[in-house]
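Along the sequence shown, the residues carry numbers beginning at 1. For ligands, and for the atoms within them, numbers begin at 1 and follow the listed sequence.
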Amino acid sequence: MKKVKLGVIGLGRLGMVHTRHLATLISDAEVKDVCALDQSQLNYAKDHFNVTTWVDYKEMIDSADIDAVVIVAPTGFHPEMVIYALNANKHVFCEKPVGLHLDDTVLLMEKTVTAHPHLTFQLGFMRRYDASYRHAKKIIEDGQIGDIVYIRAYGIDPSSGMESFTKFASDNDSGGIFVDMCIHDIDLIRWYTGMEPIQTWSMGNQIAAPELKVIGEYETGVATLKFANGMVATLIGGRHAAHGNQVEMEIMGSDGWLRIAQEPNKDFVTLFTHSGVVRPSMQSFSERFELAFIDELKDFITRVQYKQPGSITMADGIQALRIAEACKQSAESGSLIAI
Ligand code: NAD
């Protein structure tokens, strides 16, 4: 099978991680070109991965000898980049979310994906590739916990990452806590239950990081979602976890419960000293989801090779964005919002 030749757009917090995985760990992928606005990132990629560098993504797509584009640029650019790449006949892997708002550009992006069924398009909701979330899905499907009654999900970045997050959200609109962070759990709840929420009541604050008020971000966001059969979910997104990367989910069923990653343990070491009993914790999303990030890209490459559609679709992206935007609207207006 021929290797898939790739161009990566975006070399920031996640783009460099994806580039390293593709260039060094995924044997059927060949990263030939990378694009970013930051010259030091481009120099690093050139020195470490032997790639051609570009500042203008359209020039890269038009000129480079590539089969597929991996888009890891800020969210607001996703629609125009996806549209441009597909129209240039390239397969596309695009990071979450599909865009900042469910506007005309995102709808044109959806139409463009539909108009190119021969090209693989896949979205980066990587938690669906994490071994623990997959194990939980099997437990639910096997009926081991009965009917789902309630879901509680935490997606809370470590406070040690605040500086890098503030830079990310100051350079470009992140979409806010619901669109940028809670969207992962929104996607998982849709994936686990096969249901869509019908109402949300959401709130947010900046108690732990008042400086985020300046850039219009909530530090903590809480969304309650109600589903047609009465099931309820509570999502808590945030950036303030003192101990590490707290990405946790609890699913309560009529016949049992399950919890995924109750504690963000770094490894199996527990330290017993005069200070007490201590377990070191993971400090970043890239550490927690390292294998999931690798597996989602491996799967994308295989799907391109075998001419298959992506596992996570544009429709998944649109629906998750619709729900996240309703949460944002509810927090901003203080009202219960129908979805
Ligand atoms: P970042 O700000 O750290 O990096 C952005 C990169 O894009 C930089 O290299 C920048 O130079 C480049 N860029 C910006 N505008 C560009 C343009 N017009 N043309 C070409 N390059 C451009 O961002 P990040 O944290 O890496 O996030 C990027 C995307 O990845 C976002 O959509 C974010 O939501 C997503 N993300 C997903 C996860 C996940 O868990 N799946 C985690 C982090 C980020």
Quick one: side chains of residues 87-95, donor-acceptor pairs under 3.5 Å with protein atoms, not counting sequence neighbours, listed by atom name and distance.
{"from": "Asn87", "atom 1": "ND2", "to": "Ile83", "atom 2": "O", "distance (Å)": "3.3"}
{"from": "Asn89", "atom 1": "OD1", "to": "His118", "atom 2": "NE2", "distance (Å)": "3.1"}
{"from": "Lys90", "atom 1": "NZ", "to": "Ile66", "atom 2": "O", "distance (Å)": "2.9"}
{"from": "His91", "atom 1": "ND1", "to": "Thr120", "atom 2": "N", "distance (Å)": "2.9"}
{"from": "Glu95", "atom 1": "OE2", "to": "His18", "atom 2": "NE2", "distance (Å)": "2.8"}

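Heavy-atom neighbours of Trp201 CH2 from other residues, nucleotides or ligands within 6.0 Å: at or below the threshold of 12.
The cationic atom of Arg127 (NZ for Lys, CZ for Arg) does not lie both less than 6.0 Å from the six-membered ring centre of Phe125 and within 45° of the ring axis.
Checked against side-chain hydrogen bond (donor to acceptor under 3.5 Å, both in side chains), Asp65 has the following partners two or more places apart in sequence or in another chain: Lys5.
At distances below 3.5 Å, not a single donor-acceptor pair connects side-chain atoms of Tyr129 with backbone N or O atoms of Ile294.
Around ligand 1, the residues contributing at least one heavy atom under 4.0 Å from the ligand are Ile9, Gly10, Leu11, Gly12, Arg13, Leu14, Gly15, Cys35, Ala36, Leu37, Asp38, Gln41, Val72, Ala73, Pro74, Thr75, Phe77, His78, Met81, Glu95, Lys96, Pro97, Gly124, Met126, Phe168, Asp180, His184, Phe285, Phe293.
Connectivity analysis of hydrophobic side chains (ILVMFWY, heavy atoms under 4.5 Å, direct or indirect) links Ile177 to Phe178, Met181, Tyr218.
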